[in-house]
**Student:** 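The structure that follows is given in the form of structure tokens.
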Amino acid sequence: MALSWNEIKENAQRFSKEWEKDTSEDAEAKSFMDEFFAVFGVSRRRIATFEESVKKNDGKQGFIDLLWKGVILIEFKSRGRDLDKAHKQAIDYFPGLKDADLPKYILVSDFERFKLFDLDENTSIEFKLNEFVQNVQHFGFIAGYQKKIYKEQDPVNIKAADLMGKLHDRLKEIGYDGHPLEVYLVRLLFCLFAEDTSIFEKQLFQDFIDQRTNEDGSDLAARLQELFQVLNTPPEKRFKNIDEQLNAFPYVNGKLFEEILPSASFDKAMRTALLECCYLDWGKISPAIFGSMFQSVMNPQERRNLGAHYTSEKNILKLIKPLFLDDLYTEFETIKTNKNRLNEFHKKLGSLKFLDPACGCGNFLVITYRELRLLEIEILRALNKSGQLAMDVREIIWLDVDMMYGIEYEEFPARIAEVAMWLMDHQMNMLISNEFGQYFARLPLKKAAKIVHCDALETDWENIVSKNDLSFILGNPPFIGSKIMKQNQRDQLVKQFDNADGSGVLDYVTGWYIKAAKYIQGTKIKVAFVSTNSIVQGEQTSILWGQMLNKYKIKIHFAHRTFKWSNEAKGNAAVYCVIVGFANYDTNNKSIFEYEGSKGEAHEIKAKNINPYLVDAKDVFISKRRTSICNVPKIVFGNMPNDGGHLLFNNEEKKIFVQNEPQAEKYFKPIISAYEFLNGEKRWCLWLVNCEPSELKNMPEVLKKIHAVKAYRLASNREATQKLAKTPALFGEIRQPSGKYILIPRVSSENRNYIPMGFFDDTIIVSDTCLSVNSTANLFHFGILSSQLHMAWVNAVCGRLESRYRYSNEIVYNNYPWPNNPNEKQVKAIETAAQKVLEARLEFPKSSLADLYDPLTMPPSLVKAHNDLDKAVDLAYRQQPFTSEANRMVFLFELYEQYTADLFTKVKEKKSKKR
């Protein structure tokens with residue numbers, strides 16, 4: 001009776017490990033081939049002969065190393081020799097063989113490499129000795145298995161997701177929808193992966209569909225129902241007369257095939273699509289990127305609503321390494337030579353439990369589990385230096401998928417996560433098999449990751465896993481900004497924050513932060529989340545972290561500052577993120593990972609404390625302020641037209657308008673927005689602030705514009721805008737400075753080393769895309785605002801539009817700590833250096849500020865002028881210039897704390913006097 005494929009695989013593992021140590025030639029070739037054939041339960045001596053004498057092509061006598069007449073010819077060469085020459089030598093023997101003895105296969109080998117030629121199909125396969133078990137199916141003919149033709153397989157990539165997506169769409173289209181559809185697709189996914197990773201026999205699922213179902217797909221659904229039942233039935237409980245091909249499928253269990261689903265319906269095109277999925281090589285893809293693949297099954301609108309940004313392995317490792325993996329490897333390195341301590345460490349590893357409360361398709365859990373299993377292999381290597389285990393490997397693999405817990409709002413990703421965990425477990429078991437020469441597979445499935453389909457913000461996490469058992473919480477909760485949240489999501493946040501002031505403006509991700517902070521109280525659980533960078537910049541920071549630090553006593557252990565979040569998924573969006581790791585206890589081992597630009601590689605910096613702005617400084621909160629903490633000129637927003645564009649003109653439009661309405665020319669004023677300022681362009685506006693009503697009536701073209709503005713405002717859904725229809729001749733909001741002012745664009749590229757600013761007079765109307773510092777502002781103020789020191793503050797506390805700076809008056813300017821009483825010499829030095837900056841710009845009249853401040857094209861004279869200004873500003877704060885941005889930030893936060901403490905004391909004194 002032929003050996004089963006599992007028995008053959010176990011034999012192949014042992015054979016590979018034994019001969020990896022001893023690949024002697026010539027005298028050992030016979031024993032090598034004896035054991036090779038024994039892998040398949042066949043005696044070589046009964047079927048094949050060594051050194052078969054035969055006449056070669058050239059008429060000389062030759063000796064075939066091994067010949068199984070009519071089946072296979074085997075030729076050996078010394079290690080490292082050319083196998084193609086060995087193949088040619090084998091072909092040279094053919095003229096001396098009878099037709100009936102001609103082989104169907106040729107195998108050439110140097111005891112380390114193998115090359116098998118299928119002469120009927122004119123194909124070949126090459127592999128190394130340690131890859132024998134993955135290629136053993138090609139030798140099924142030795143064990144008596146019927147020869148199979150394996151179609152050329154494409155590597156699995158996003159094409160697989162597209163094919164599954166089409167199948168999903170078609171099933172949904174015919175009415176097979178909801179929960180049954182999601183489970184059905186997950187089962188198909190498992191089968192596709194199983195036949196390419198030795199869970200099933202090679203091509204078993206493909207052959208079942210191809211050979212046992214009609215081409216029109218009419219009976220495919222019924223046959224799949226039979227298959228699902230078989231996969232859920234132990235062999236001893238199956239029908240005695242079951243189809244032989246069905247019976248070849250193993251018992252899977254794990255509740256994956258337990259539920260009885262409604263029968264689906266297939267047609268020819270759907271059957272073809274499923275077969276096309278079979279032709280792909282699913283064994284070449286990591287379960288860790290199933291999420292990326294299956295993102296395309298969800299439509300783009302759902303993808304945004306759910307905040308589904310699936311994650312690359314590189315970004316997952318950014319989180320899990322500092323959270324726990326680096327510490328585990330450090331501990332392993334210190335105890336790997338101590339067997340007793342190694343065993344204790346192994347037990348500790350097996351006791352760890354992980355929760356991802358927004359797990360999606362399980363990417364974080366899958367990668368976490370893989371890395372832990374790889375560490376377990378390192379432990380077993382250290383415990384068994386001989387390379388051979390004295391006991392059954394099943395008894396010493398202590399890590400299993402039930403150490404992983406997840407919460408997912410959508411059912412389909414939750415089911416994908418469960419399957420991905422099983423598949424990663426199987427891949428790691430195959431790695432164990434290769435490592436120790438014992439075939440190890442967990443079938444039937446007995447344990448599973450606990451992935452719960454529910455709303456994480458409405459569920460008590462204690463009901464998922466007790467905090468007394470949990471070790472780590474990790475993941476990337478939904479990236480949904482405050483402005484695009486649904487009302488029920490905003491209500492959830494307000495509830496999680498106990499109705500705290502400002503909680504309604506927070507991004508959705510903050511709900512996971514505050515819920516985790518509550519959950520980990522009184523424990524040693526460490527948490528790390530990926531988040532949009534808005535939670536550590538701008539107004540959200542003090543609202544979120546005020547509660548995290550003050551109410552729940554959270555301490556930040558590590559952080560990645562802003563970087564670009566990337567993934568392999570189809571149609572993915574660019575997101576700028578941070579990673580924050582925290583716990584309910586402090587640590588002396590804190591790290592900040594800083595990036596040179598949002599796309600560069602991270603540099604680790606050790607920190608004494610990491611504050612909510614991810615800076616190595618004391619914990620402070622920058623709140624909105626209507627006035628500055630220092631005695632400096634007031635800053636205000638520019639003028640908001642709110643006119644539907646009817647009062648704005650480019651040069652050509654203004655020229656045509658004035659030709660038709662000459663009286664209007666005196667009411668045209670240049671208007672400057674951030675775009676015009678940075679790019680050196682010009683626009684105009686109708687500025688009718690001082691226009692007499694009688695004069696307006698004599699300008700019919702202007703009246704048309706005013707009527708258009710009124711109609712635009714009345715059509716608005718906002719009550720405030722509708723009220724502005726009462727004054728349609730004026731801008732919606734007027735905040736035009738009188739006299740000279742400094743203009744600051746509200747949004748500027750993060751690639752610039754400085755935000756370009758400039759002086760203007762009140763004949764230039766400043767738009768609401770800019771801020772203006774009023775008429776008392778001078779070169780000293782311009783110099784401070786144009787310095788690296790001020791940019792360090794901007795980089796730390798201002799909000800972002802994607803990754804671009806979004807400068808604000810109430811967060812950035814009004815909280816900035818200016819120099820404390822600089823002397824006349826220091827002020828003069830800054831004013832002189834600031835003037836040099838302005839003069840350096842004038843040297844290049846054909847270049848825009850965007851050109852001048854692009855790091856790649858910034859002129860050397862302007863670079864030098866700014867460097868001199870930076871030094872002058874530094875010396876106004878202290879006696880020595882700052883050597884790094886980190887030093888600047890520590891200094892500024894300390895100065896901010898000093899200034900605001902003084903403010904608080906003054907407020908207290910005033911209240912006391914009143915009392």
Side-chain angles (χ1 to χ4, degrees), residues 1-12 40 121 125 133-154 156 160 163-164 167 184-215 217 219-235 238-239 241-254 256-257 266 271-285 419 422-423 426-427 429-430 433 439 441-445:
M1 186 176 179
L3 294 181
S4 71
W5 277 109
N6 277 350
E7 291 172 316
I8 290 172
K9 289 170 187 172
E10 289 180 1
N11 293 340
F40 303 93
E121 297 298 327
I125 179 76
V133 72
Q134 288 94 344
N135 293 278
V136 74
Q137 71 273 7
H138 298 289
F139 298 89
F141 61 90
I142 296 177
Y145 283 98
Q146 183 181 356
K147 175 182 169 184
K148 291 185 179 182
I149 299 170
Y150 295 99
K151 294 189 177 180
E152 187 67 26
Q153 291 186 315
D154 301 319
V156 173
L163 287 171
M164 290 295 285
L167 203 56
Y184 206 92
L185 285 176
V186 171
R187 288 179 180 181
L188 292 178
L189 167 63
F190 180 87
C191 292
L192 290 165
F193 194 95
E195 73 169 354
D196 283 333
T197 55
S198 75
I199 297 175
F200 297 168
E201 291 177 22
K202 185 71 176 175
Q203 211 168 297
L204 184 61
F205 181 61
Q206 178 182 326
D207 287 347
F208 175 72
I209 297 168
D210 193 28
Q211 300 168 12
R212 289 289 196 269
T213 66
N214 297 330
E215 285 191 15
D219 64 342
L220 179 54
R223 298 297 277 161
L224 286 174
Q225 288 290 84
E226 287 182 76
L227 173 60
F228 295 161
Q229 183 177 335
V230 166
L231 291 170
N232 195 52
T233 306
R238 294 177 181 177
F239 295 129
N241 63 343
I242 189 174
D243 180 289
E244 183 180 336
Q245 199 164 359
L246 265 178
N247 201 35
F249 285 93
Y251 172 43
V252 173
N253 194 21
L256 178 58
F257 296 95
F266 287 80
R271 179 180 180 271
T272 301
L274 185 54
L275 279 171
E276 285 178 358
C277 287
C278 293
Y279 300 152
L280 296 168
D281 185 0
W282 292 80
K284 291 183 179 178
I285 190 166
V419 174
W422 280 322
L423 299 181
H426 182 72
Q427 284 191 343
N429 294 338
M430 292 300 96
S433 300
Y439 183 71
R442 285 180 172 135
L443 277 181
L445 301 172

**Student:** Tell me, with the steps shown, if C191 and L231 meet side-chain contact (heavy atoms from CB on, under 4.5 Å).
**Tutor:** CA-CA 10 Å; C191 292; L231 291 170; 4.0 Å; yes
**Student:** Between CD1 of I209 and CG of L274, what distance do you get to the nearest 0.5 Å?
**Tutor:**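 One finds 4.0 Å between CD1 of I209 and CG of L274.
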**Student:** With a 6.0 Å cut-off (strictly less than), is the heavy-atom count around CD of Q211, excluding the residue itself, greater than 12?
**Tutor:**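 Check passes, neighbour count above 12.
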**Student:** I'd like to know whether N135 forms a side-chain contact (heavy atoms from CB on, under 4.5 Å) with I125, so could you lay out the CA-CA distance, the side-chain angles of the two residues, the decisive distance to 0.1 Å, and finally the verdict.
**Tutor:** CA-CA 9 Å; N135 293 278; I125 179 76; 3.8 Å; yes
**Student:** What's the separation between atom SG in C277 and atom CZ in F205, rounded to the nearest 0.5 Å?
**Tutor:**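 Atom-to-atom, C277:SG and F205:CZ are 9.0 Å apart.
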**Student:** Where the side chain of R223 meets the backbone of R212, is there a donor-acceptor pair that is under 3.5 Å apart?
**Tutor:**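 Judged by distance alone, yes, a pair lies under 3.5 Å.
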**Student:** Identify the heavy atoms of D196 and L280 that sit nearest to each other, and give their distance.
**Tutor:**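 Shortest heavy-atom separation between D196 and L280 comes out as OD2-O, 3.2 Å.
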**Student:** Measuring from atom CZ of R271 to atom CD of E276, what distance do you get when rounded to the nearest 0.5 angstrom?
**Tutor:**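 If I round to the nearest 0.5 Å, the distance is 11.5 Å.
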**Student:** What I'd like to find out is whether the side chain of W282 reaches to under 4.5 Å of the side chain of L189, using heavy atoms alone.
**Tutor:**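 In contact.
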**Student:** Just how far is it from atom CH2 of W422 to atom CZ of F193, taken to the nearest 0.5 Å?
**Tutor:**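 W422 atom CH2 to F193 atom CZ measures 14.0 Å (nearest 0.5 Å).
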**Student:** With no hydrogens and no angle check, just 3.5 Å: does a side-chain donor-acceptor pair link D207 and Q203?
**Tutor:**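 Short answer, yes.
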**Student:** Please test I8 against F139 for side-chain contact (heavy atoms from CB on, under 4.5 Å), starting from the C-alpha separation and ending with a verdict.
**Tutor:** CA-CA 10 Å; I8 290 172; F139 298 89; over 6 Å; no
**Student:** Identify the residue among Y184, F228, Y251 that makes a ring-ring contact (aromatic ring centres under 6.0 Å, His included) with F257.
**Tutor:**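 When ring-ring contact (aromatic ring centres under 6.0 Å, His included) is applied between F257 and each of Y184, F228, Y251, only F228 qualifies.
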**Student:** Let me see the working for I199 and M430 under side-chain contact (heavy atoms from CB on, under 4.5 Å), right down to the final yes or no.
**Tutor:** CA-CA 10 Å; I199 297 175; M430 292 300 96; over 6 Å; no
**Student:** So does Q206 get a backbone contact from the side chain of E195, meaning a donor-acceptor N/O pair under 3.5 Å?
**Tutor:**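 Checking the backbone N and O of Q206 against the side chain of E195, a donor-acceptor pair under 3.5 Å is found.
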**Student:** Between atom CG of L227 and atom OG1 of T213, what is the distance when rounded to the nearest 0.5 Å?
**Tutor:**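 Rounded to the nearest 0.5 Å, the CG-OG1 separation comes to 11.5 Å.
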**Student:** Could you go through F249 and F200, starting from their C-alpha distance and side-chain angles, then the distance that decides it, and tell me whether this counts as ring pair (Phe, Tyr, Trp, His ring centres under 6.0 Å)?
**Tutor:** CA-CA 6 Å; F249 285 93; F200 297 168; 5.1 Å; yes
**Student:** Under the criterion side chain to side chain contact (heavy atoms under 4.5 Å, CB included), which of I242, N247, D243 is the partner of Q245?
**Tutor:**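 It is D243; the other options fail the test.
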